[in-house]
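Contents: one structure, followed by commentary.
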Protein chains: 2
Amino acid sequence: MLLAERQNHILEQLNIKGKIYAAELAIQLKVSEDTIRRDLNKMGEANLLRRVHGGALPLQQTSPDYIDRLKNPDPRKKRFAEAGVLLLKAGQTVLIDSGETCLYLAKLIPTDLQITVVTGCPLIACELSHHEKVEIILLGGRFFKPALRCVGKGTIDMLRKIRFDISFFGIYALHLKHGFSVNYFEEAEISQVVIEQSDKIVVMGGADKLDKTSSHQIAPVHALDLLITENTADINVINKLKDTGLEIIKV
Amino acid sequence: MLLAERQNHILEQLNIKGKIYAAELAIQLKVSEDTIRRDLNKMGEANLLRRVHGGALPLQQTSPDYIDRLKNPDPRKKRFAEAGVLLLKAGQTVLIDSGETCLYLAKLIPTDLQITVVTGCPLIACELSHHEKVEIILLGGRFFKPALRCVGKGTIDMLRKIRFDISFFGIYALHLKHGFSVNYFEEAEISQVVIEQSDKIVVMGGADKLDKTSSHQIAPVHALDLLITENTADINVINKLKDTGLEIIKV
DNA sequence: CATTGTTTTGCATGTTCCTGCATGTTTTTT
DNA sequence: AAAAAACATGCAGGAACATGCAAAACAATG
């Protein structure tokens with residue numbers, strides 16, 4: 001196994017489990033603990049994880065709380081959401097995915113706009129409970145904590161009964177060849193159905209998410225309609241995405 | 001469990017409960033009290049919390065909560081919830097209704113208790129997203145803002161597929177003759193189904209809610225199993241409720 | 001292909017850190 | 001004032017660690 005491959009595996013595990021033990025990794029990857037320790041130390045210095053005695057934790061483990069993060073909003077994500085909310089028109093039925101950018105989007109919906117919002121994320125439902133004119137449909141099902149949203153058969157059954165004028169997603173990874181992808185199978189499964197049921201798909205994400213891949217593909221690029229990203233995004237990547245027919249807004 | 005992980009957990013608990021006891025943490029985290037004390041002392045020196053005899057307090061009373069009401073917690077409702085949470089046993093499937101008392105109940109579920117919680121209230125789902133061992137099933141449907149919960153056919157369909165070992169409700173009105181009732185038809189409709197599907201029904205509410213009526217009956221008193229109320233409740237009313245077979249806990 | 005240099009890895013060494021227990025002290029409660 | 005709870009301290013075993021070194025793996029060069 002290659003060094004880089006091993007370190008990728010470590011990051012993946014960390015993402016999934018939220019913590020990792022050096023001893024456990026040594027067995028899993030069939031190398032000595034010393035090697036793992038050296039990996040963890042290097043990755044710690046590179047600010048890819050938080051090195052602690054016995055293993056490592058994700059960088060932001062201290063406040064994985066979306067609610068906390070909303071107090072220190074990422075200005076980029078806020079701008080994406082601001083651009084996104086302009087696409088909404090009265091009377092529409094809109095799906096909003098989970099994630100920080102989508103949460104901003106929900107927050108920014110004008111209180112006097114009469115639309116129906118469908119979401120599997122209870123945080124977004126709570127956020128919208130102050131919007132008197134917004135009708136909220138919550139997708140039920142098993143609550144999947146890593147993505148803060150509902151997943152599973154129940155969720156999909158509910159989804160299939162609804163058609164959306166427009167759907168919004170935050171981007172975890174978007175790649176010209178490998179499409180729009182995320183870390184968890186359960187998430188991908190749901191999003192695929194959403195895309196089938198939607199007239200228009202809007203994805204929002206920064207330059208760091210473009211030309212990146214993840215394990216579970218949701219859809220190829222040509223299934224998407226509009227990308228909201230930032231000015232700093234690589235112009236070559238942007239142009240190639242445009243060539244597939246994807247409309248692009250830079251903020 | 002990693003040291004850093006443990007300290008994260010302590011901070012989280014502190015955020016949620018507003019206070020922590022060293023002895024309690026030792027049991028929860030399965031380490032000796034000495035270890036907890038050392039953690040607390042270190043974190044105190046690092047200015048992450050205020051160390052006090054017996055445990056620790058947050059630096060400044062923060063309440064990152066969505067509902068404004070929670071900022072001025074009603075100590076009675078907190079006590080009801082404390083009594084309620086003692087009824088939970090590992091492996092159970094539990095329904096938790098919406099409302100302030102129920103929200104406290106959710107907050108107070110031990111983080112190491114492995115249960116399945118079903119709720120139609122997204123707030124409760126968010127609250128429980130920190131509880132690693134708790135499986136959450138969110139009842140979807142149309143979000144009914146006055147009651148901060150989901151209602152409607154979709155919700156009922158999901159409900160009918162689940163049986164509950166125990167169900168918890170906050171009381172809006174409980175009357176010897178007119179039973180357990182609420183203000184909204186939609187709410188009553190859901191709660192009726194819940195009661196059909198539950199082995200045990202627990203209702204929680206103060207003296208002001210007893211001997212009171214509201215427009216939509218959920219169930220007669222004899223359909224309920226346990227009432228958690230306060231000492232100040234009228235002894236005559238209590239006795240008459242007892243005569244119907246209702247078990248009563250006063251806190 | 002052989003050689004050279006670099007990087008990575010596992011092992012051995014000694015060190016540091018974490019934890020639980022025992023001891024005695026302080027604080028709180030009765 | 002006595003009892004109980006919470007505490008501080010020191011100690012010991014074990015786990016995790018850093019370090020140096022040599023073998024192995026790899027890449028690059030002639």
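A, B, ... follow the sequence lines: proteins, then strands. Residue 1 opens every chain.
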(request) Might you confirm whether atom NZ of A:K78 has over 12 heavy atoms from other residues, nucleotides or ligands at distances under 6.0 Å? (result)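 At most 12 heavy atoms, drawn from other residues, nucleotides or ligands, come within 6.0 Å of this atom.
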(request) Would you indicate whether B:K240, at its atom NZ, is surrounded by more than 12 heavy atoms from other residues, nucleotides or ligands within a distance under 6.0 Å? (result)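 Count not over threshold, so no.
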(message) Is the terminal nitrogen or CZ of B:K200 (NZ for Lys, CZ for Arg) located under 6.0 angstrom from the six-membered ring centre of B:F168 and within 45° of that ring's axis?
(response)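 Not flagged: B:K200 not positioned over aromatic ring of B:F168.
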(request) Find out whether the Lys NZ or Arg CZ of A:K209 is both under 6.0 angstrom from the six-membered ring centre of A:F180 and within 45° of the ring's axis. (result)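 No.
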(request) Determine which pairs satisfy salt bridge (Lys or Arg N to Asp or Glu O under 4.0 Å) with at least one residue from residues 29-38 of chain A, sequence neighbours left out, and list them in order. (result)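 For residues 29-38 of chain A: A:E33-A:R37.
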(message) Given A:E24, which partner from the list A:K17, A:K19, A:Q13 fulfils the side chain to side chain donor-acceptor pair (under 3.5 Å) test?
(response)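 Of A:K17, A:K19, A:Q13, side chain to side chain donor-acceptor pair (under 3.5 Å) with A:E24 is met by A:K17 alone.
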Gap between atoms [atom1] and [atom2], on [X] and [N] respectively (whole Å):
| X | N | atom1 | atom2 | value |
| --- | --- | --- | --- | --- |
| B:L25 | D:dC7 | CG | P | 11 Å |
| B:Y21 | D:dA6 | OH | C1' | 14 Å |
| B:I36 | D:dA6 | CD1 | C1' | 14 Å |

I'd like a list of close polar pairs between nucleotides 13-18 of chain D and the protein, N/O only, cut-off under 3.5 Å.
| unit_1 | atom_1 | unit_2 | atom_2 | d |
| --- | --- | --- | --- | --- |
| D:dA16 | O3' | A:G54 | N | 3.2 |
| D:dC17 | OP1 | A:R51 | NH1 | 2.9 |
| D:dC17 | OP1 | A:R51 | NH2 | 3.2 |
| D:dC17 | OP1 | A:G54 | N | 2.8 |
| D:dC17 | OP2 | A:R37 | NH1 | 3.0 |
| D:dA18 | OP2 | A:N41 | ND2 | 3.2 |

(message) Reading DNA chain C from 5' to 3', where do the contacts with chain A start and stop? Cut-off is 4.0 Å to heavy atoms.
(response)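 Nucleotide range with atoms under 4.0 Å of chain A: C:dT8 to C:dC18.
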(request) For A:S129, check side-chain hydrogen bond (donor to acceptor under 3.5 Å, both in side chains) against everything at least two apart and list the hits. (result)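 For A:S129, no residue satisfies side-chain hydrogen bond (donor to acceptor under 3.5 Å, both in side chains) once neighbours in sequence are set aside.
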(request) Go through the structure and list residues passing side-chain hydrogen bond (donor to acceptor under 3.5 Å, both in side chains) with B:N41, not counting sequence neighbours. (result)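 Listed in chain order: B:R51.
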(message) If you apply the rule ring pair (Phe, Tyr, Trp, His ring centres under 6.0 Å), what do you find for B:F80 with B:Y104, and how did you get there?
(response) CA-CA 9 Å; B:F80 300 154; B:Y104 282 125; over 10 Å; no
(request) Have a look at the helix from C:dC1-D:dG30 to C:dT30-D:dA1 and give the angle its two end axes make, five pairs each, rounded to 10 degrees. (result)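 Answer for the end axes of this duplex: 40°.
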(message) Quick check for you: to the nearest 0.5 Å, what is the distance between B:D211 atom CG and B:L174 atom CG?
(response)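 B:D211 atom CG to B:L174 atom CG measures 9.0 Å (nearest 0.5 Å).
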